[in-house]
Amino acid sequence: DAAGNFALSIAKGDVDAVIKVSADGYVREIREIHVPEYGMEGLVFVLQRSGSIAGSVIDSRRLPVQYMLVEARRTNTDLNIYFEAEATTRENGEFAVPAVLPGEYTLHARYLPPSRKQGWMGGIRVETNGFAGSSSALATVTVKQGEALNGIVLVLPWRSDRSIQG
């Protein structure tokens with residue numbers, strides 16, 4: 001329904017199932033369940049309105065950087081929930097990470113050169129101090145339920161030739 005509620009009934013049972021429920025404007029929910037032999041009724045899903053994070057990636061000369069994988073990471077230690085979403089920058093350096101849960105996110109970046117399909121797997125991690133392996137993020141943002149957070153600018157600590165500054 002319009003509030004993001006779903007109800008589901010399964011007639012046959014004694015099977016394990018993975019149920020995925022999604023709707024535009026809501027964060028997808030995935031549940032692993034066991035359906036008893038006699039079936040199951042009243043399985044209720046309440047989806048949360050999704051937010052989004054959008055912006056651009058630039059280098060120290062303020063030029064756009066394409067081929068960056070921007071990762072949004074959220075950890076809720078009270079519930080032990082970890083959520084990650086990602087997007088790749090376009091030619092103009094812009095990115096949009098859709099369908100994120102409400103909460104605080106750290107934004108990380110990996111450089112994916114054009115040849116990334118030939119052995120670059122995870123790319124080259126870029127962090128605020130310019131060294132791969134650093135645990136610091138490029139930015140921290142907070143997304144409210146249903147909020148479209150726009151205009152985030154991530155400035156990489158390197159020059160446009162991909163060398164590290166400093």
Side-chain angles (χ1 to χ4, degrees), residues 1-6 18-32 45-160 162 164-165:
D1 67 12
N5 299 306
F6 289 83
V18 175
I19 308 292
K20 298 178 183 180
V21 178
S22 63
D24 288 341
Y26 293 88
V27 176
R28 179 177 65 173
E29 186 173 337
I30 301 172
R31 282 193 209 164
E32 293 182 19
F45 292 82
V46 180
L47 301 182
Q48 293 188 48
R49 288 216 58 60
S50 64
S52 61
I53 303 169
S56 59
V57 177
I58 60 174
D59 64 21
S60 59
R61 295 183 346 197
R62 307 201 63 78
L63 297 173
V65 181
Q66 68 182 94
Y67 305 119
M68 292 301 301
L69 178 69
V70 177
E71 301 169 328
R73 300 177 188 165
R74 173 181 172 257
T75 303
N76 180 335
T77 53
D78 294 341
L79 301 175
N80 211 12
I81 296 172
Y82 177 77
F83 180 82
E84 183 171 314
E86 61 188 34
T88 303
T89 58
R90 295 183 290 276
E91 190 173 305
N92 61 2
E94 292 180 356
F95 67 90
V97 181
V100 296
L101 294 165
E104 184 175 275
Y105 288 83
T106 55
L107 301 181
H108 302 261
R110 290 181 185 274
Y111 178 59
L112 300 171
S115 61
R116 66 187 177 276
K117 294 179 182 174
Q118 300 159 355
W120 279 86
M121 298 298 282
I124 302 168
R125 183 177 21 211
V126 178
E127 304 290 356
T128 54
N129 66 4
F131 296 102
S134 167
S135 62
S136 61
L138 293 171
T140 301
V141 298
T142 301
V143 179
K144 296 177 184 163
Q145 187 168 348
E147 177 182 27
L149 192 58
N150 297 312
I152 304 299
V153 178
L154 303 178
V155 181
L156 301 181
W158 61 7
R159 293 183 286 276
S160 59
R162 307 298 179 252
I164 297 171
Q165 210 167 271

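Worth saying up front: this structure is predicted, and the values here are computed from it rather than measured.
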Identify the two heavy atoms, one from Pro98 and one from Ala85, that lie closest to each other, and give their separation to 0.1 Å.
O-CB, 4.5 Å
Side-chain contact test, heavy atoms from C-beta onward, threshold under 4.5 Å: evaluate it for Arg74 versus Val100 and give yes or no.
no
As an exercise, state the distance from NE2 of His108 to CG of Leu138, rounded to the nearest 0.5 Å.
8.0 Å
With side chains defined as the heavy atoms from C-beta onward, is the minimum distance between Thr89 and Val65 less than 4.5 Å?
no
Could I get the full list of salt bridge (charged side-chain N to carboxylate O under 4.0 Å, His left out) partners for Glu94, not counting sequence neighbours?
Arg90
Nearest 0.5 Å, please: how far is CD1 in Ile30 from OG in Ser22?
9.0 Å
Looking at every heavy atom in both Val143 and Ser52, which two are closest together, and how far apart are they?
CG1-N, 4.4 Å
Taking the side chain as C-beta and beyond, is there a heavy-atom pair between Met68 and Tyr111 under 4.5 Å?
yes
Just so I know, are the side chains of Phe95 and Leu154 near enough to count as touching, which here means a heavy-atom distance under 4.5 Å?
yes
Residues forming a side-chain contact (heavy atoms from CB on, under 4.5 Å) with Thr142, sequence neighbours excluded:
Glu104
Pairing residues for Asp24 by the side-chain contact (heavy atoms from CB on, under 4.5 Å) criterion, not counting sequence neighbours:
none
Reported CD-to-CD distance for the pair Glu91 and Gln66, which is rounded to 0.5 angstrom
5.0 Å
Can you name the closest pair of heavy atoms from Val18 and Glu32 and give their distance?
CG2-CG, 4.0 Å
Ala87 versus Val97, closest heavy-atom pair with distance:
CB-CG2, 3.9 Å
Tell me, please, which residues at least two apart from Arg31 pass side-chain contact (heavy atoms from CB on, under 4.5 Å).
Glu29, Ile33, Leu43, Phe45
Separation between CD1 (Ile58) and CG (Leu63), nearest 0.5 Å, reads 8.5 Å
Listed partners of Ala96 passing side-chain contact (heavy atoms from CB on, under 4.5 Å), at least two apart
Ala54
Listing request: all salt bridge (charged side-chain N to carboxylate O under 4.0 Å, His left out) pairs with a residue in residues 144-157, at least two apart in sequence or in separate chains.
none
